[in-house]
Structure formats: C-alpha cells, structure tokens
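One structure is given below, encoded as structure tokens.
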Amino acid sequence: MMDLFDTAQTRKLFPYFCSGNRGANVYFDNAATTHKPSSVISRISDFYTQENSNIHRGVYELGMSATDQYESTRKLIHEFIGSNSAKEIVLTSGATESVNLVAQTYGKKFVKKGDIILVSPIEHHANLIPWQVIAKENGAKIKEIPISKDLTINFDELDSVLSEKVKLIAINHVSNVTGMSQDIGLLVKSCKKFKIPVFVDGAQAGSHIKINVSELGCDFYCFSGHKLFGPTGTGALFIKEEFMREMPPYKTGGQMVSKVGFQDSTWTDYPLKFEAGTPNIAGIIGLGEAIKFIQNIDFQQLASYENYLSVLMTEKLAEVPFLELYGNSKKAAPIFAFNIKNIHHYDLAALLSENGVLVRSGHLCNQSLMDFLNIDGCVRASLSIYNSEEEVYNFIQALKKVVKFLSKSV
Amino acid sequence: MKNRIKQIISDFSLFESWEDKYEHLIEFGQELLEVDNKSLRSDSNLIHGCQSKVWLFCRAENKKLYFYADSDALITKGLVAIIVFIYSGASAAEIIKEKTDVFLSIGLRKKLSMNRSNGLDMMLEKVNDCALNYLKNEK
Ligand SMILES: Cc1ncc(COP(=O)(O)O)c(C=O)c1O
C-alpha cells in the first residue's frame with residue numbers, strides 16, 4: 001500500500017514529476033486529466049514492443065495472450081466498480097463515448113415521441129448534448145432535475161418531475177466544477193416508483209471515491225481512464241445486464257457480429273456487440289494497469305489525505321480578498337472553482353501559468369452550471385494524490401501575487 | 001504598417017520579466033482602446049470561441065481599413081489592441097500580404113500557449129476575413 005501522506009514518495013511513481021522543470025510546476029488541472037504512473041506507461045510500451053497483436057481473432061499464442069490481457073482489464077473494472085459480472089462492462093474510449101453509446105442505443109430504442117429525459121442543469125457537456133440530440137431525433141423532451149442553491153439534487157421537488165413519461169435520468173456522480181458529489185443511492189430509490197433507469201457520469205469520481213455500482217443501484221455508470229491515472233482514449237461503461245440484452249449495437253462492423261450474410265447479419269453477444277472494430281488495445285491494457293495502481297491505494301487514507309488538502313485549500317483561499325468559491329460543501333474531490341471580484345478568470349489563469357501554476361479557466365465545458373451560478377466562467381484548481389501541502393502554499397502565493405498585479409491595472 | 005510592426009517589436013523588447021511585459025501589454029490595451037465601448041460590444045462584433053469576450057469591428061475609408069476592438073479581460077484587450085494598432089490604416093491587400101507573426105516576435109505567442117482559448121488566432125483570422133471581404137465587395 002502507498003502512504004499518501006508521503007507525497008515525495010508518491011511523486012516518484014510519476015515520471016512526469018521527475019522530468020526537469022516541468023515537474024516543478026504546480027499542476028492543479030487534474031480534473032482535466034491526471035498524470036500516469038510509470039507502471040501504466042511501461043505497460044503500454046511493453047505491449048507495443050513485445051506483445052503487439054490484434055485481439056479476438058488470432059489463433060496464435062500472441063493474439064490469444066493480447067485477448068486475455070484486454071479481457072483482464074474488463075474483469076479488473078468489474079471488480080473495481082462492483083458490478084455483478086464482467087459482462088456488464090463495455091470498454092470504450094472515454095466518458096463521452098459512453099454517454100453517446102447509451103443515448104444512441106438505449107435512447108434510440110426506448111425514448112419515444114413525447115417522452116422525457118431528465119438531466120440536471122449542472123452537467124458537463126458530455127452528459128447533456130448526447131441527450132439533447134437523441135431527444136430531438138425521437139421527438140422527446142429534455143427536462144431539468146431540480147437542483148437546490150447548494151448545487152445538490154432537491155429531493156423535495158424531485159417527485160414533481162417524475163412520471164411514467166420519464167425514460168431516463170442522467171446526472172454526475174462528482175462535479176467537474178465543484179468536486180461535490182450527488183446522492184445517487186437516494187436518487188435511484190426515488191426513481192423506483194416509475195422504474196426510471198438512472199445514468200451516472202462518474203468521470204470525476206474514480207480517482208477520489210470508492211465506486212460501487214451495486215450499492216448505488218444505478219443502471220448505467222461511465223468513467224474515463226485518463227482521469228484516473230490511465231491512458232487517454234480509454235474508458236468504461238457499466239450497463240445492467242437486463243438493459244445490455246435489450247440494447248441494439250452502437251457502431252457496427254467487425255468483431256461485433258456472429259453471423260454475416262450479404263443482406264443481413266446477427267450480433268454477437270454483449271458486451272462485445274458494443275465494441276466494433278479494433279479497439280485501443282494497448283490503451284485498455286494500460287487502463288488495467290491504472291486500475292491495479294488504484295487498487296493499491298487505501299481509499300480511507302485517500303479520503304483523509306484529499307480532505308486534508310481540501311481543508312487547507314479552503315482555509316488559504318479564504319485569505320484572498322474578494323474571492324468567491326462556488327459549491328464548497330459535500331466535496332468528494334479536491335476541486336475548487338472560484339472568481340475574484342473585478343478580475344477576469346482568463347487573466348488570472350494566464351498569469352498563474354506565467355508563475356508556474358497550471359489551472360483551468362472558462363466555462364469548463366459546463367455552460368449550464370455557469371448559467372445556474374450566473375457567471376460566464378471561473379478559475380478551477382483541481383488536485384490529486386500527488387499534490388502536496390507545499391504546492392497549496394505555492395499556489396496561494398502565486399495567486400496573491402497575480403491578484404495584486406491585476407488589481408493595480410483595473 | 002511595417003513601421004508599426006517594428007515599433008511594437010522594439011517596444012516589447014525592452015521588457016524581460018513577465019510582470020513588465022504584461023504590465024506594458026495591459027497598459028497598451030487600456031490606452032489605445034476605449035473603456036466599455038457600448039456600441040462596439042454587440043453580438044455581431046463578438047468573436048466566438050474565446051474564453052474572454054472579444055469584440056472586433058472593421059470600417060473602410062479611402063481604401064484603407066480601420067479596426068475597433070474591446071475585450072472584458074485585460075490581457076486579451078492588450079492583445080487585440082496590438083492588432084488594432086498594427087492593421088488600422090493599412091489597405092486590404094497589405095493586410096493579406098503581411099505574414100510577420102508579431103506575437104511570436106515579442107515573445108507572447110509562445111508564452112500564451114493557449115492561443116485557442118485567448119482567441120488570438122481567431123482575432124487574426126477576423127482581420128484577414130475583413131480584408132478579404134473588402135476586396136470581394138470592391139470588385
Ligand atoms: C464530469 C465529466 N463528464 C464527462 C467528461 C468527458 O470525459 P472524456 O473527455 O474522457 O470523454 C468529463 C471530462 O472533462 C467530465 O469532467
């Protein structure tokens with residue numbers, strides 16, 4: 001097990017931080033993507049140098065071994081998120097593809113004219129636009145899940161929007177803007193009466209909290225590999241078996257067929273019927289390595305370390321005059337979104353970067369949350385396991401310096 | 001226009017630290033461009049896709065083009081002010097022919113590696129489009 005309170009030790013596992021002055025920067029953009037441990041990087045490079053071959057086809061040993069490795073990632077993910085079986089896991093290219101897959105298969109078949117898809121008004125564009133598209137295509141409507149001022153689901157008002165017309169509810173597990181988590185378990189319970197399937201976007205959850213889809217009780221759950229120390233272009237989608245069976249394929253082509261005639265073909269069994277074509281084999285095998293890396297972390301210690309960073313960040317941010325922090329309760333991840341009165345978020349982020357502090361600014365692919373907060377953008381600092389107390393101090397020092405510089409100019 | 005480009009490059013070469021460079025950039029924007037120019041800040045002048053809002057408007061007089069701009073962020077306002085300063089008063093043909101990357105020369109393009117988010121490329125594209133449009137309408 002890693003000792004997360006020993007940040008120097010953790011950083012040694014990530015080659016990025018060991019490479020010259022790049023590693024000296026304060027990297028606070030982990031909600032965009034995390035760095036990769038050497039185990040993940042070398043697994044990918046080993047695959048290409050020694051084991052490269054396609055999967056699910058070759059009868060020779062190399063091909064079968066690649067298939068085994070690829071399939072073992074599926075099994076690791078099934079164990080990691082607590083699904084009933086590995087058959088409930090579709091390997092995808094990320095959270096975005098996962099949402100599109102469900103919208104274009106489940107949505108296409110089951111969302112009919114006049115039906116409703118409920119989406120919260122605080123979703124990443126990836127968990128909003130695919131629903132808009134299928135609703136439009138099928139003549140259905142998108143409606144809002146009621147959200148309280150504190151940015152959590154308003155359970156008092158939820159009942160008023162639930163009905164048999166609602167064919168799906170889509171919500172994030174952890175927000176990419178505030179790091180706050182939603183009570184998925186309670187949402188699932190509330191939806192039982194009308195048997196409404198619940199889709200959860202877990203893109204920001206996996207590297208911060210323990211995911212257990214069986215306990216949550218949701219019907220769909222997706223995440224992206226690159227936000228949990230894995231390669232870009234990888235991800236996974238959990239689909240409850242009862243839905244898997246009924247859903248038509250997403251992409252069509254090789255790999256996903258059982259019988260092919262010139263006029264007509266039949267699909268292979270799930271989950272492979274959702275994985276047409278040659279996938280990102282090396283990436284998925286690398287993702288397996290990332291899951292092993294996470295499983296070597298004690299989640300209780302992870303929670304206490306990240307909470308320690310969060311408390312420190314909150315305390316230090318409060319020292320900055322005229323700083324407004326958005327949604328700073330129920331934090332499941334050390335993600336901080338803020339603005340400083342009379343200073344543009346772009347100016348702040350650009351000058352922080354001049355000072356070696358890497359943060360994001362803008363609408364953060366979450367325009368509706370910006371509208372909800374009545375702002376046109378903000379700065380986001382997002383931390384991860386390898387960020388240290390010292391970096392928090394350096395960040396705050398740089399922030400104060402930049403604010404002083406910019407205040408002079410307004 | 002060549003002289004104005006030279007002037008900008010030599011002005012900025014005086015500054016070494018980021019503080020001095022940005023201070024100059026911000027002041028340049030504040031001095032050259034009007035504050036809160038309401039009529040300029042219209043949707044039709046807005047350049048879409050930038051993190052900060054940038055408004056850019058072009059007008060022709062005696063076969064020369066003149067640019068007017070504004071932004072709600074200080075750095076972006078400085079950047080667009082440089083564009084206004086350089087290209088205003090030039091002919092459409094001159095603008096299209098001019099290939100000097102001023103922002104690279106003054107050391108801002110590499111630093112502001114977020115060319116996409118600050119919209120620098122889009123501002124330059126709009127200037128170029130204005131010139132192309134002018135030539136098209138002239139024919
Ligand atoms: C909450 C949330 N959902 C979805 C996504 C999209 O993930 P990906 O780009 O990996 O497809 C992101 C990534 O920024 C996210 O933060």
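Every chain is numbered from 1, with letters handed out A, B, ... down the list of sequences. Note that the structure is predicted; figures quoted are calculated from it, not measured.
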* Asked: Where on His363(A) is there a heavy atom nearer than 4.5 Å to chain B: the side chain, the backbone, both, or neither?
  ->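 Neither part, no heavy atoms under 4.5 Å.
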Please determine whether the number of non-hydrogen atoms from other residues, nucleotides or ligands lying under 6.0 Å from atom [atom1] of [X] exceeds 12.
{"X": "Glu390(A)", "atom1": "CD", "value": "no"}
{"X": "Asp101(B)", "atom1": "CG", "value": "yes"}
{"X": "Gln397(A)", "atom1": "CD", "value": "no"}
{"X": "Lys400(A)", "atom1": "NZ", "value": "yes"}

* To do: Could you check Trp18(B) against Asn355(A) for side chain to side chain contact (heavy atoms under 4.5 Å, CB included), going step by step and ending with a plain yes or no?
  => CA-CA 9 Å; Trp18(B) 72 265; Asn355(A) 284 271; 3.1 Å; yes
* Between Glu23(B) and Lys408(A), is the closest basic N to carboxylate O distance under 4.0 Å? ->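 A salt bridge links Lys408(A) with Glu23(B).
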* **Full working for side chain to side chain contact (heavy atoms under 4.5 Å, CB included) between Asp347(A) and Ile26(B)** => CA-CA 10 Å; Asp347(A) 287 332; Ile26(B) 290 170; 6.0 Å; no
* Asked: Can you name the nearest heavy-atom pair linking Ala73(B) to His344(A), along with the distance?
  ->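 That would be CB-CG, 3.5 Å.
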* Side-chain touch Ile343(A)/Leu74(B), heavy atoms, less than 4.5 angstrom ->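 Answer no - side chains too far apart.
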* **Partner chain A: residue of Glu19(B), Lys53(B), Glu27(B) with the largest heavy-atom pair count (under 4.5 Å)** =>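 With the most close heavy-atom pairs to chain A, the winner is Glu19(B).
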* Asp150(A): salt bridge (charged side-chain N to carboxylate O under 4.0 Å, His left out) partners, not counting sequence neighbours ->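 Applying salt bridge (charged side-chain N to carboxylate O under 4.0 Å, His left out) to Asp150(A) gives Lys330(A).
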* Partners passing ring-ring contact (aromatic ring centres under 6.0 Å, His included) against Phe338(A) (at least two apart in sequence or in another chain) ->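 Phe338(A) satisfies ring-ring contact (aromatic ring centres under 6.0 Å, His included) with no residue once adjacent residues are dropped.
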